[in-house]
Amino acid sequence: MATPNAPRPAGKGRLLVTAAALAVVAGVGIAALLVSVFEHKQEAKTPFFQVVDLNDTIDDPAIWGQNFPLQYDRYKKTTDMERTRYGGSEGVPHSPTEADPRSIVARSKLELDPRLKTMWAGYAFAADYREKRGHAYMLEDQAYTERQRVAKQPGACLNCHASLYPTYLRLGEGDLTKGFEAINHMSYADARKQVTHPISCVDCHEAKTMNLRISRPAFVEGIRALKASQGVNDYDVNRDATRQEMRSYVCAQCHVTYYFRGAEKRLTFPWPKGLKVDQIVAAENEDKVGEWTHKDTGASMMKARHPEFETWSQGIHARSGVACADCHMPYVREGAMKISDHNVRSPLLNVNASCQTCHRWPEQELKDRVEEIQTRFVETRNVAMNALVELIGDIKQAKDAGATDEELAAARKHQRDGQFKIDFLVSENSMGFHADQYTVKSFAEAINLCREGQLVLRHDVKARNIDFAPTPASIPAVAH
C-alpha cells in the first residue's frame, strides 16, 4: 500500500500539462476564428469604402473604381481578346493611320463571309463589319470603323457605345429625354465630341445607392410600348421592374435591335407588337422603315442590330428567370464579399462560375453542348445565306433585263422581309445559343421567304423570257 507522501507518477503530470496546453491552443484557435468571423461580417456589412463622393456627372470608371476597386479591376479585363470556337474577339494587326490610329483591330466578318457584302450592298455595313471586342473598346471601335467614312452616321449610334447619362442630363439641362433628343439631332461627328468614355458605371448604377437603373430613354420608351402590347399600361421600368429583371434590362439598353425614326433620326426600339422577329418585321413595315435601297435589287431595306435581348427572351434561360448577368457577369467571392464579375464576356470562357452553378455536368460536356448548338446554327445559316444571295442575284438579273418596279415589287418584298430575318439572326451574337429552336425555326421561315421570292419573280416577269442563270458555285459554305 502506498504511503501518503509518495510522489505522483511522472506520466500523469505530463498528461495534465499536455491537456492544459491543448486547451490553451484550442481556446486561442476558437478566439481567432471568432475574430475572423466577426471581421468578415463587418467587411460584408461595408461592401465599399467611400474614397470619392460619386454623383451622376461622373462618367470616368476609374473614379468609380476608387470606391469599387474589385469591380473596376475586373472591368479593365474587358480589354482581353479571347476567342471561343464560334465567337469572341481575336485581335489582328492594323497599320495605324491618321484616320485610324489603332494598331490592333478585330477580325473582319466580311472577309470570313463575302455573302454579307451582297446582303448589305449599298449600305455602310458592306464596307466594314467586324467581330465584337470587349466593353472597353466599344467607343474606340465605333469611332474608327470604316462605316464612319462611307456614310454620315447619326449621333444616336452612341446610345450603345458611350457613357451618355451625364451627357443627356447636361444637354437636356437636367431632363434626360431632352438630352437624348438633342443627341438624336446631331451627326455622329458632333455627338462624339460630347462624350469621353465607353459605357461606364454611371450608365447602369445610381451613384448614391448603387441600385441598378435604366439610363437610356430609348429603352424606357421601347419597354413601355412592349408592356402596353401585353396589356400593362403606363409601365415605368425604373419604378416597376424587379431587381432580377433589371439584371437583364440594364444590358438590354444596348444589346437590342433598333432603327432611326423620321427626319430627326430618333432612336427607336421596334417592340410595339412584341419581341419576336415576325412581330418586329411587322412593326417596322407598319412604320414604313426604309434605311437604304439595296444596290443590286432596288429594294427598300431594314437593318437588324445585335438583338441579343429579343432572342434571349425566346429561350429557355429567359423562361426560367435567368438574367443576362447570371451568365455573363456571374457572382464571385472576394473575401467575405460576393460581387458581380464585371469582366463581361462569353460564359464559355468562365464555365465554372457561369454554367456549373446550375448545370452539374463536367465543363467539357457543357462546352460540347453549346458548340453543338452553334454548329447547327452555322450550318443552317449557310443554307439561308445561299438562298438569299440567289434571290438577290435573280432580282438583279431581272432588273438588268428591264423588268419594271411593278414586276419586281413582290420579289423585293420577299427580299426585304426574308433578309431582315437572316440579318437579325446573323447579327445576334450568341450564334443561336440564346434560343436555339427559335433561331432554327426563324432561319427556316427566312429560307422559305427567299425561295418564294424566286418563284413569284419568275411568275411576274415570265413574259420577258429571262433565262435565269444559276447561282455561281463559288458561294462559300462558311464554317466561321
Side-chain angles (χ1 to χ4, degrees), residues 75 78 84 86-89 106 109 125 129-139 141-142 156-165 198-201 203-205 212-223 225-226 237 241 244-260 267-271 274-277 279-280 303-315 317-318 322-330 340-350 354 374 377 420 423-436 438-439 442:
Y75 163 80
T78 61
T84 61
Y86 287 115
S89 178
K109 288 188 176 183
F125 275 81
Y129 180 59
R130 297 181 178 273
E131 298 274 12
K132 302 295 185 293
R133 295 203 286 175
H135 282 190
Y137 293 113
M138 60 171 58
L139 182 56
D141 285 351
Q142 185 186 52
C157 288
L158 285 170
N159 181 82
C160 302
H161 290 262
S163 183
L164 273 171
Y165 189 69
I199 295 292
S200 180
C201 318
D203 297 290
C204 301
H205 292 279
L212 293 173
R213 65 153 166 224
I214 299 302
S215 61
R216 298 301 195 260
F219 183 86
V220 172
E221 295 172 359
I223 198 72
L226 173 64
V237 63
Q244 183 67 354
E245 287 175 329
M246 290 294 277
R247 297 179 73 241
S248 290
Y249 287 171
V250 292
C251 306
Q253 296 181 99
C254 299
H255 290 269
V256 291
T257 193
Y258 57 86
Y259 67 96
F260 306 112
L267 185 69
T268 303
F269 293 179
W271 298 344
L275 295 175
K276 294 180 180 179
V277 64
Q279 295 166 328
I280 291 172
K303 178 74 184 76
R305 284 107 172 158
H306 41 74
E308 283 81 52
F309 175 69
E310 294 92 336
T311 306
W312 162 85
S313 297
Q314 312 311 315
H317 288 92
V322 179
C324 304
D326 288 322
C327 302
H328 293 276
M329 300 176 66
S340 292
D341 187 351
H342 282 61
N343 180 13
V344 186
R345 53 185 160 159
S346 167
L348 287 178
L349 300 174
N350 192 19
S354 294
Q374 293 179 327
F377 170 91
F420 183 87
D423 192 353
F424 186 96
L425 301 168
V426 168
S427 299
E428 202 273 334
N429 283 297
S430 76
M431 301 294 288
F433 179 75
H434 281 151
D436 56 329
Y438 164 79
T439 297
S442 298

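All heavy atoms count here, side chains included; hydrogens, waters and symmetry mates do not. The model shown is predicted, which means the values in this text are computed figures rather than measured ones.
- Here the closest non-hydrogen pair linking C254 and I199 is SG-CD1, 4.1 Å.
- When all heavy atoms of P330 and N350 are compared, the closest pair comes out as CG-ND2, 3.5 Å.
- Summarising the geometry, atom CG belonging to L425 is positioned 9.5 Å from atom OG belonging to S430; distances are rounded to the nearest 0.5 Å.
- Shown here is K276, whose NZ atom has no more than 12 heavy atoms of other residues, nucleotides or ligands within 6.0 Å.
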For this session: Apply side-chain contact (heavy atoms from CB on, under 4.5 Å) to the pair E310 and V277, showing each step before the final yes or no.
Result: CA-CA 8 Å; E310 294 92 336; V277 64; over 6 Å; no
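- Within the model, atoms CZ of F433 and SG of C327 stand 7.0 Å from one another, a figure rounded to the nearest 0.5 Å.
- Across F424 and P307, no two heavy atoms sit closer than the pair O-CG, 3.3 Å.
- Here the options are T78, L139, D203, L158, the test is side-chain contact (heavy atoms from CB on, under 4.5 Å), and the partner is P198; only L139 passes.
- Taking NZ of K109 as the reference point, atom OH of Y129 lies at 4.0 Å (rounded to 0.5 Å).
- One distance of note links CZ of F309 with SG of C251; it measures 10.0 Å at 0.5 Å rounding.
- R213 places a side-chain N or O within 3.5 Å of a backbone atom of H205 that can act as its donor or acceptor partner.
- The heavy-atom pair separating Q253 from R216 by the smallest distance is OE1-N, 3.0 Å.
- Residues M246 and I214 have side chains in contact (heavy-atom distance under 4.5 Å, counting atoms from C-beta outward).
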Exercise. When you look at S248 and W312, which way does the side-chain contact (heavy atoms from CB on, under 4.5 Å) test go after all the steps?
Worked result: CA-CA 10 Å; S248 290; W312 162 85; 3.5 Å; yes
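- Aromatic ring orientation, Y249 versus F219: tilted (interplanar angle from 30° to 60°).
- Remark: the backbone N or O of C157 is paired with a side-chain donor or acceptor of Q142 at under 3.5 angstrom.
- The two residues T257 and K303 have their closest heavy-atom pair at OG1-O, 4.1 Å.
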For this session: Decide yes or no on side-chain contact (heavy atoms from CB on, under 4.5 Å) for C160 and H306, but give the supporting numbers first.
Result: CA-CA 10 Å; C160 302; H306 41 74; 4.1 Å; yes
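- Atom-to-atom distance recorded for S340:OG and H328:NE2 is 13.5 Å, nearest 0.5 angstrom.
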For this session: Determine, stepwise, if the pair T439 / H434 fulfils side-chain contact (heavy atoms from CB on, under 4.5 Å).
Result: CA-CA 9 Å; T439 297; H434 281 151; over 6 Å; no
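- Of all non-hydrogen atoms in Y258 and R305, the two that sit nearest each other are O-NH1, 3.1 Å.
- To the nearest 0.5 angstrom, N159 atom CG is 5.0 Å from L267 atom CG.
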